[in-house]
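Presented below is the structure to which this report refers.
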4 protein chains.
Amino acid sequence: MSTMRAVQVTGYHDNLRAAEVPIPVPEGPLDVVVRIGGAGVCRTDLHILEGQWAEKTGVPLPYTIGHENAGWVHAVGSAVTNVAEGDKVIVHPLITCGLCRACRAGDDMHCENGRFPGIDTDGGYADYLRTSARSLVRIDDSLEPADVAALADAGLTAYHVAAKAARRLTPRDRCVVIGAGGLGHIGIQVLKAISPAELIVVDRNPDALKLAVSIGADHGVLADGTQVEQVLDRTGGHGAEVVVDFVGEGGATADGVRMLRRAGDYHVVGYGENIDVPTIDIISTEISFVGNLVGSYSDLSDLMALAARGAVTLHTAKYALDDFQTALDDLDAGRVRGRAVLVP
Amino acid sequence: MSTMRAVQVTGYHDNLRAAEVPIPVPEGPLDVVVRIGGAGVCRTDLHILEGQWAEKTGVPLPYTIGHENAGWVHAVGSAVTNVAEGDKVIVHPLITCGLCRACRAGDDMHCENGRFPGIDTDGGYADYLRTSARSLVRIDDSLEPADVAALADAGLTAYHVAAKAARRLTPRDRCVVIGAGGLGHIGIQVLKAISPAELIVVDRNPDALKLAVSIGADHGVLADGTQVEQVLDRTGGHGAEVVVDFVGEGGATADGVRMLRRAGDYHVVGYGENIDVPTIDIISTEISFVGNLVGSYSDLSDLMALAARGAVTLHTAKYALDDFQTALDDLDAGRVRGRAVLVP
Amino acid sequence: MSTMRAVQVTGYHDNLRAAEVPIPVPEGPLDVVVRIGGAGVCRTDLHILEGQWAEKTGVPLPYTIGHENAGWVHAVGSAVTNVAEGDKVIVHPLITCGLCRACRAGDDMHCENGRFPGIDTDGGYADYLRTSARSLVRIDDSLEPADVAALADAGLTAYHVAAKAARRLTPRDRCVVIGAGGLGHIGIQVLKAISPAELIVVDRNPDALKLAVSIGADHGVLADGTQVEQVLDRTGGHGAEVVVDFVGEGGATADGVRMLRRAGDYHVVGYGENIDVPTIDIISTEISFVGNLVGSYSDLSDLMALAARGAVTLHTAKYALDDFQTALDDLDAGRVRGRAVLVP
Amino acid sequence: MSTMRAVQVTGYHDNLRAAEVPIPVPEGPLDVVVRIGGAGVCRTDLHILEGQWAEKTGVPLPYTIGHENAGWVHAVGSAVTNVAEGDKVIVHPLITCGLCRACRAGDDMHCENGRFPGIDTDGGYADYLRTSARSLVRIDDSLEPADVAALADAGLTAYHVAAKAARRLTPRDRCVVIGAGGLGHIGIQVLKAISPAELIVVDRNPDALKLAVSIGADHGVLADGTQVEQVLDRTGGHGAEVVVDFVGEGGATADGVRMLRRAGDYHVVGYGENIDVPTIDIISTEISFVGNLVGSYSDLSDLMALAARGAVTLHTAKYALDDFQTALDDLDAGRVRGRAVLVP
């Protein structure tokens, strides 16, 4: 068995295609090949097919997509010491160098030499994936790769912002979460687990709010046009010490800033529109706008610790790898509850 | 002598007028009356006369302006224990309650019950000023009130942002300072004193750059249209870890963001234009925009410690109190080098 | 009714005595008189009677003891603005000046001018107590003074250390709590509420361990002589990132240091023996020993927020004020479960 | 030329011996061989010969000593990307794995898999040294290996503690440095460069104090038996916010604790005696004792940035490699001013 299945981008504005390709082998001394147990299907995959990333990455076609991966170690390079064949692992989405200043400081998501399997090199919609020893987090026996794969990117981003936001949150603080969708759903669970602040979740979907409250939100606020006033009412007219914005479009940021207390932090995660605020308002209230990228390797390790004790769970809809087109169609049509995962 | 001189706003779009008013006395148990040794003349005073603050503060006319004050304690209320008659002091610009959450945390510039002499109640263009025991910092014997008065607001703002920015600065980091004018001039001295980072100062005035380098800047960059490229050249193409923007108008923020490294902090101090940046740029580089207000009482104490050892100095042009109109005219016409100070 | 009941120290090595004394009135402009709703009975009160504090405080006899107080505002001084007659409050154990450097930074427990009612001036075993406006935290409608009084000192100390310890605790860290008695019991609840770390509680009493697990500890370790080995087993042989020692005597510190991981923090709260460790061991493992005093006003406010939502509860045994001797006897004989509280 | 000179331990309580050994080659893909430009001669080398480390390291004899190394990259393993032949480098004293939790967090001095050339494997008293790509910091063109070699361990330790201590130091704080010898001399320069605190240096040698003041100390205090009183006098009777103890023996710690202010940090660097302090003193003043090991790779990079701009300099006495015995004899006899360095 020297070939495997891989689902590839062969052209933009075209469907993905199944291919039979060689099973990757470790090329460098720190390479690791992972047998895929689950590969998350992400909205970014749809954007890739639409060509939105073509120019940015310049990845040559065809290539294999899939950037949310988990599975078992299949083969290791000559210098790998931290994992061994058979280990159950989740794959950090970046391959990082370990030597640049960002890597040395633990901020490996800012690696100056990073690569991103599934985005700019072959990813995990396949039987096997080649990555680096530095990208692998061993997971608890109680966790299954297919159940946690979607935490590798979406969940990791949510963990990262929650951990940054939580640094200043005390029992008297309020944290507003805008958007209780895929990332928000994880973010709420993480904030509940690591912070004592009161959590106020804003969404336009009443069902999403019900779910939010069931997993730890203290209050759900329906975004019916009165959401700013509702948040101000719940915060003594002052606004919240922290706003975490998982939406970032459709007017969310203008609303969100009005929900923020003096000296508050506005965490930007979702994107689409501009932050457009007069400097005089920024200085007279001394607020901050904080950007948030995907998390570091350490963040992923922390997130897996929460997952192992059941503090963070994710609803997944599983599809056979060969049914990749159905999974993408379901995602595109809004038919997936939670996250879709391909299982080879 | 139960009356004193006071320079007052009697109407907007009109000149200030000299008046003879009662010398203030301590009314509350924590009130303190300060004999003015120097009162800084600030551009905000011109804006007040233009009516820009009229609606915001609703201060009844006539009232005495002047919000940068230093002098000697003249009389104290019944419960004052921290200063005594004759003490040489600088006056924190805010009267704060000491009891709200912000005051209890040392962030008294966010006091929920603050008042601002010279802005919304009688200030220091006068022989005497009434303030609170909580607002007084005793200054070193080597310092004279008229020499430090202008540090009470402009200098304090510069200290505050420099101290916030310096928290993350290490010997390998670069800090860009945009604007080497009044505040920038203090900010550069403070950054030099409290941080080991390389300081790159950007200004459109070659003389200001020369001064900047003479007081501690490592490099001066002339804002001649190539300033972004010059900063990138000096930072290996990456940009600086921190930008402190004392300008905030005329395109400074758009330029400044381009000078910022991944994961960098953009400190907003000057104001005028909007911060207007796509959320996708904020998240993909993980940068932050940090607002900065005037400093706290602790910041002012720290700044006076630097002033006492000569690490921060300020060029002042002194005018007799009765020559207030000349001082304002000189300021308005750009004839003041450093800061103008009225001396009763 | 111008007199009230007060329970006083009239001589050391003697019983407390009930006295009829004048009801205190506000003397300074910031004084507040509180009608006592509950006064905690603390082991320190026994030590006072044994004369252990006599020399240290030099308090003149007779005086009224009781340093864990809560109740309702009865009368306020002329300059008090933050509370009003009838407000339900818990009393921070220190009267602080609000003006020294420590107070200005929010570390009011280090006030240079602090007094301590019940220790060095009249306390709360009485119908009324005089304190300062700065010492009062309003409590939630759902809380009763007699139920929270014992949180004013013992609980506050536990909150303070838990909050300090939690700053570095992540989901992958382990925190060992030595001692699940009065303070430990609160500390465990606080750590559970504000930190995601795994909590390992060590005690020699199996019942205390059962209680610890029921309120949030992840593991109970019986101190049967093998406690160090048990903790090492549970931490992969490395030890815990943080140890919080509520015992501090009987060999607890020597054991505790062996439970600590490289670069770990050892929080000292309980006292009795010496920390006695070779400097070479401190540097080669890079551990820290961190002292912990009672908490600040902000800590007490945070603790009351946790109490209001039921995250911290305390079992109390209530006694009428006149039954003070029974309460002390019960405490001395180990007959009190939780904390004894006098209710006037 | 396939062999080189190496100075080796061939037996404890015996002199070092010169040997002719094979030039090391990269064995692993991340190995790097450095041509030595300078190897610092450290007191630890004397201790090794006395057998003090024999049992701890279990290093097989003969082996080459020398743990403070700098030079030029001579050969690199197949996977090395961060340095190239000819690069001028200083060598971090540890070979670290880059994969354990400590390494991932930037705390590589706590690497779980670290090795220490010169201590537990062949070091740098030789023409060539084998280390890892992860251990190399490129140095500025203006610096020479023989001039900075001694910063690789002694200087790095001093930088590390200074950087940790400086995190809390503001312009109003005082930092006492105990010991102005080898490490203290670097520590003072670093503290001066990165912190605005007032530096008070304590030493029993008047010449060392003079040097200390010439490189940045604000005050020198002669340890003549009145040093505690002198420090208290200079700090208003309160003591210093931070004490950095480079001595750790001969009663330094007992003295040092008395020089510490409430809520102060006592940094332990020198070693020999025990920290032996009653827990009640630790909690009633809320002081901390902070252990300090050698610095991380990032610390070394920061230190080299300071060295490149002349903010940290070191007096060195250079010896030819073949004169190793003279160098050790001079060190042992106290005849070396600054640090001795072997130059091949």
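All of these numbers come straight from a predicted model, not from anything done at the bench. Values below: all heavy atoms of this structure, side chains included; hydrogens, waters and symmetry mates excluded.
- Checked options D:V268, D:V290, D:D265; the residue passing with C:S288 is D:V290 (criterion: side chain to side chain contact (heavy atoms under 4.5 Å, CB included)).
- Annotation: side chain of D:I275 is in contact with side chain of C:T279 (closest heavy-atom distance under 4.5 Å).
- For D:I287, the part sitting under 4.5 Å from any heavy atom of chain C is the backbone (N, CA, C, O) and nothing else.
- The residue among D:I280, D:D281, D:T157 with the most heavy atom pairs within less than 4.5 Å of chain C is D:I280.
- At most 12 heavy atoms of other shown residues, nucleotides or ligands fall within 6.0 angstrom of atom CD in D:E55.
- Most heavy-atom pairs under 4.5 Å with chain C: of the set D:D245, D:V277, D:V269, D:D107, this distinction falls to D:V277.
- Taking all atoms of both residues into account, the shortest heavy-atom contact from D:E286 to C:G291 is CG-O, 3.2 Å.
- With respect to chain D, the highest number of heavy-atom pairs below 4.5 Å among C:V294, C:D173, C:T253 belongs to C:D173.
- Taking the side chain as every heavy atom from C-beta outward, D:L293 and C:R262 approach each other to under 4.5 Å.
- For D:R101, the part sitting under 4.5 Å from any heavy atom of chain C is the side chain, from C-beta outward, and nothing else.
- Interface remark: D:E112 contributes side-chain atoms only to the contact with chain C (heavy atom separation under 4.5 Å).
- Interface remark: D:T285 contributes backbone atoms only to the contact with chain C (heavy atom separation under 4.5 Å).
- With a 4.5 angstrom heavy-atom cutoff, D:H267 does not touch chain C via any of its atoms.
- Within a 6.0 Å radius of CZ in D:R172, other residues, nucleotides and ligands contribute more than 12 heavy atoms.
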